[in-house]
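See structure below.
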Amino acid sequence: RDIIVGAAFDNNLLCIGEKQIFVVDAVFDEFMAQMARHGGYQLNREQLRRLAGEAFSDSKDAGGCSQKVLNRDFIGVDASVLGKAAGVNAPDNTLVLFAEAPFTCPFVQKEQMMPMLPVVRVADVDEAIAKAKESEHGYKHSALMHSQHIGNLTKMGQEMDCTLFV
C-alpha cells in the first residue's frame, strides 16, 4: 500500500517517489499480488514492451551514441493514460501501473516521472542494494527503501551515498 501511494502521489513526479523496485525472490509473487490489491494494475511483458516503446525513443547523444530518451508527453499523466499506450484499458481509478521488468528495461534505467513501476526480481537484499545503486547511475540524488530490518536500511543508506535517503 505504501509503495502504491508513494508512486501515485502527484503521478510520481517527485524524486522521493518510487521509480523502480527491487524485490527479493522469496517474497516476489506475494509482493506483486499485494500491488494489485492496493490500486496497481499489472502489465504483462508484451504490454510493458509496448509502453516502453511509446514512453522512450532512441536518440543519439553529442558523441553519436544511442540512448533512450523519455517521451515528455507521458510525464505526470494518469495511470489510465499509460495503460492505453500499453494497449490495456486500466480502470480510471488505477493509481499505478506495474510490471516485472528486466534490469535493462528503460523504466529501470532512466528516470521517468510517471505512475509506472518496473519491478525487478533479485536473489537477496545485497543484490537489491547493488542493483539499486547501479540504476541510480552515481547521481547521488535520492534513494528509498521499504524494510523493517535496520541493518539493511543502514547498509543501503551508506552504500547509496545520496542527498536524500528515505
Side-chain angles (χ1 to χ4, degrees), residues 2-23 28 31-32 35-36 39-122 127-146 156 159-166:
D2 291 343
I3 291 170
I4 293 288
V5 170
F9 182 78
D10 207 14
N11 283 338
N12 211 358
L13 287 174
L14 300 177
C15 63
I16 59 168
E18 292 81 351
K19 305 295 185 195
Q20 68 268 51
I21 304 171
F22 302 94
V23 178
F28 190 89
F31 176 85
M32 297 295 270
M35 292 279 286
Y41 185 94
Q42 186 170 2
L43 302 179
N44 64 33
R45 287 181 190 237
E46 177 55 29
Q47 293 159 343
L48 174 63
R49 186 200 61 72
R50 184 172 175 179
L51 180 57
E54 295 288 328
F56 297 93
S57 61
D58 289 322
S59 179
K60 301 279 185 189
D61 66 14
C65 296
S66 272
Q67 62 179 357
K68 294 288 185 186
V69 176
L70 180 64
N71 178 347
R72 296 192 180 276
D73 292 339
F74 287 107
I75 293 175
V77 300
D78 290 338
S80 61
V81 173
L82 296 178
K84 287 180 180 60
V88 298
N89 288 316
D92 288 339
N93 64 347
T94 299
L95 298 174
V96 172
L97 301 179
F98 69 100
E100 182 171 2
F103 183 69
T104 56
C105 178
F107 281 107
V108 176
Q109 296 301 320
K110 294 289 186 181
E111 183 172 5
Q112 36 80 15
M113 295 170 286
M114 61 186 81
M116 169 55 209
L117 290 173
V119 185
V120 179
R121 186 186 302 255
V122 295
E127 182 183 4
I129 292 170
K131 295 279 190 196
K133 183 175 183 176
E134 186 178 344
S135 72
E136 205 267 337
H137 301 290
Y139 299 142
K140 297 188 175 201
H141 185 263
S142 57
L144 176 80
M145 183 179 194
H146 290 264
M156 182 161 171
E159 185 67 29
M160 294 303 291
D161 189 27
C162 291
T163 303
L164 299 168
F165 178 62
V166 180

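Sequence positions, counted from 1, serve as the residue numbers for this chain.
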Fill in: Distance (rounded to the nearest 0.5 Å) between I75 CD1 and M113 CE
4.0 Å
Discussion item. Is there a side chain to side chain contact (heavy atoms under 4.5 Å, CB included) between L70 and M114? Walk through the geometry before answering.
Written reply: CA-CA 11 Å; L70 180 64; M114 61 186 81; 3.3 Å; yes
Worksheet entry | Distance in Å, R121 CZ paired with K131 NZ, rounded so as to fall on 0.5 Å steps | 14.0 Å
Discussion item. Would I21 and M35 count as a side chain to side chain contact (heavy atoms under 4.5 Å, CB included) here? Give the steps.
Written reply: CA-CA 12 Å; I21 304 171; M35 292 279 286; 4.3 Å; yes
Item to complete: Work out which heavy atom in M116 is nearest to a heavy atom in P118; give both atom names and the distance.
Response: O-CD, 3.5 Å
Worksheet item: For the atom pair CG (D2) and CD1 (I4), what is the distance rounded to the nearest 0.5 Å?
Response: 10.5 Å
Item to complete: Evaluate the side chain to side chain contact (heavy atoms under 4.5 Å, CB included) criterion for residues V122 and F103: first the C-alpha distance (whole Å), next the side-chain angles of each, then the deciding distance (0.1 Å), finally the verdict.
Response: CA-CA 10 Å; V122 295; F103 183 69; over 6 Å; no
Worksheet entry | Chi angles and distances behind the side chain to side chain contact (heavy atoms under 4.5 Å, CB included) call for T94, L82 | CA-CA 10 Å; T94 299; L82 296 178; over 6 Å; no
Worksheet item: Hey, are the side chains of N44 and V88 touching, using non-hydrogen atoms and a 4.5 Å cut-off?
Response: no
Discussion item. Taking H141's backbone N and O only, do any of them form a donor-acceptor pair with E136's side chain (distance below 3.5 Å, no angle check)?
Written reply: yes
Worksheet item: Listed by chain and number, what are the side-chain hydrogen bond (donor to acceptor under 3.5 Å, both in side chains) partners of Q112, not counting sequence neighbours?
Response: none
Item to complete: Under the salt bridge (charged side-chain N to carboxylate O under 4.0 Å, His left out) rule, what do E46 and R49 come out as? Steps first, then yes or no, please.
Response: CA-CA 5 Å; E46 177 55 29; R49 186 200 61 72; 2.4 Å; yes
Discussion item. Rounded at 0.5 Å granularity, tell me how far OH in Y139 sits from OG1 in T163.
Written reply: 14.0 Å
Worksheet item: What distance separates L144 CG from F165 CZ, expressed to the nearest 0.5 Å?
Response: 7.5 Å
Worksheet item: NZ/K19 to OG/S142 distance, rounded to the nearest 0.5 angstrom?
Response: 8.0 Å
Fill in: Stacked cation flag K110 on F56, 6.0 angstrom / 45 deg
no
Worksheet item: Within a reach of under 6.0 Å around CG of D10, are more than 12 heavy atoms found that belong to other residues, nucleotides or ligands?
Response: yes
Discussion item. So, using salt bridge (Lys or Arg N to Asp or Glu O under 4.0 Å) as the criterion, who are the partners of E54 when residues are at least two apart?
Written reply: none
Worksheet item: In terms of side-chain heavy atoms, does H146 have a donor or acceptor partner in E18 at a distance below 3.5 Å?
Response: yes
